Amino acid sequence: MASPRSFLWSRGIFLTLLTVFVLVPVYVMLSSSLKPLADVTGKFRWLPSGLTIRPYIDIWSTVPLARYFVNSVIVAGAATVCSVVIAVFSAYAVSRYDFRGKRVFTVTVLSTQMFPGILFLLPLFLLYVNIGNATGIALFGSRGGLILTYLTFSLPFSIWMLIGYLDSVPRDLDEAALVDGCGPLGALFRIVVPAAIPGIVAVAVYAFMTAWGEVLFASVMTNDTTRTLAVGLQGYSTLNDVYWNQIMAASLVVSVPVVAGFLLLQRYLVTGLTAGAVK
């Protein structure tokens, strides 16, 4: 049955407005990043009078953007790997085995998402400082401490999301692998993990995006050496001036890895997020 003409017109108008709403800020960022600073701070023009790629060159010398980029890649990558590995084992145990406190565990994991991150900021700060004073292990101001911090709020949701996906994988596959001589770990890595690739990719994308753009903890738990991109962009604002064209250029450069990864893994992400929604 064909859709009514009024519905088609309404859908077209809505999608057009939504597209304009999304693309206009991107155009403003792109055009501003190609303007001299005097043009950006002056009256805004939709069509730039002159274009220059100088801001894309200056962003690497105004602040140590390359170092911030490396820090973000290391922290986000390590947090993603740890989240995926721990979530796979935890979700597999909850999905396939019955044990005392199973429901309490799943409810506790999910309930941690109700609390805002700022509630954990001061306790983690004091914990890291006391651990450093007592053991000499430098967690505060280090990449390792920031990775552990990101695990505190990315791992619970990753476990919960992966439990729903593993529940949709038939247990007959596990039983067939056990009959063929595989142990529990063999069934996990040879059967369950390949079948759960979309869910694992969804968890990895979520964990990476959470760590890549996080500002609150990174602004407190890092120093000049371990600062990440989300915090390092503030360096383009000084007491004397704000380099708006460089801020726009750096923002576009920073967003490239996330956008590229999302586009490449989009089909896995959609499948992983929607699996287990319908039983």
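Owing to the predicted nature of the structure, the values given are computational and were not obtained by experimental measurement. Nothing fancy with the numbering, it's 1 onward along the sequence.
- Judged by distance alone, the side chain of Ser31 and the main-chain N or O of Val28 form a donor-acceptor pair under 3.5 Å.
- In this structure, Leu37 and Val242 have side chains that are not in contact, with every pair of non-hydrogen atoms separated by 4.5 Å or more.
- By the 4.5 Å heavy-atom criterion applied to side chains, Thr149 and Phe120 are not counted as neighbours.
- Side chains of Ser154 and Tyr206: no donor on one and acceptor on the other come within 3.5 Å.
- Side-chain contact between Leu34 and Pro55 is absent, with no heavy atoms from C-beta onward closer than 4.5 Å.
- Applying the salt bridge (charged side-chain N to carboxylate O under 4.0 Å, His left out) test to pairs two or more places apart or on separate chains, none has a residue in residues 81-94.
- Within the 4.5 Å cutoff, side-chain heavy atoms of Leu30 are placed close to those of Ser33.
- The stretch residues 60-84 participates, sequence neighbours left out, in these ring pair (Phe, Tyr, Trp, His ring centres under 6.0 Å) pairs: Phe69-Trp212.
- Other residues, nucleotides and ligands place more than 12 heavy atoms under 6.0 Å from the CG atom of Leu18.
- Residues that satisfy the salt bridge (Lys or Arg N to Asp or Glu O under 4.0 Å) test with Arg96, not counting sequence neighbours, are Asp174.
- A distance-only check finds no donor-acceptor pair linking the side chain of Thr135 to the backbone of Gly132 [under 3.5 Å].
- In this structure, the side chain of Thr106 engages the main chain of Arg103 through a donor-acceptor pair within 3.5 Å.
- Heavy-atom contacts from other residues, nucleotides or ligands closer than 6.0 Å to CD1 of Ile53 number 12 or fewer.
- A donor-acceptor pair under 3.5 Å is formed between the side chain of Glu214 and the backbone N or O of Ala218.
- Residues satisfying the salt bridge (Lys or Arg N to Asp or Glu O under 4.0 Å) criterion with Asp98, sequence neighbours excluded, are Lys102.
- Contacts classified as ring pair (Phe, Tyr, Trp, His ring centres under 6.0 Å) and involving residues 126-153 (residues at least two apart or in different chains) are given here: Phe125-Phe140, Tyr150-Phe153, Phe153-Phe217.
- With hydrogens and angles ignored, the 3.5 Å screen pairs no side-chain donor or acceptor of Ser90 with any backbone N or O of Ala87.
- Applying the 4.5 Å side-chain rule to ILVMFWY residues, one finds Val70 in the same cluster as Ile74.
- The side chain to side chain contact (heavy atoms under 4.5 Å, CB included) with Val88 is formed by just one residue from the set Val203, Leu188, Val192; it is Leu188.
- Annotation: side chain of Tyr236 is in contact with side chain of Ile59 (closest heavy-atom distance under 4.5 Å).
- For the side-chain hydrogen bond (donor to acceptor under 3.5 Å, both in side chains) criterion with Arg143, the lone passing option out of Thr222, Asn71, Thr226 is Asn71.
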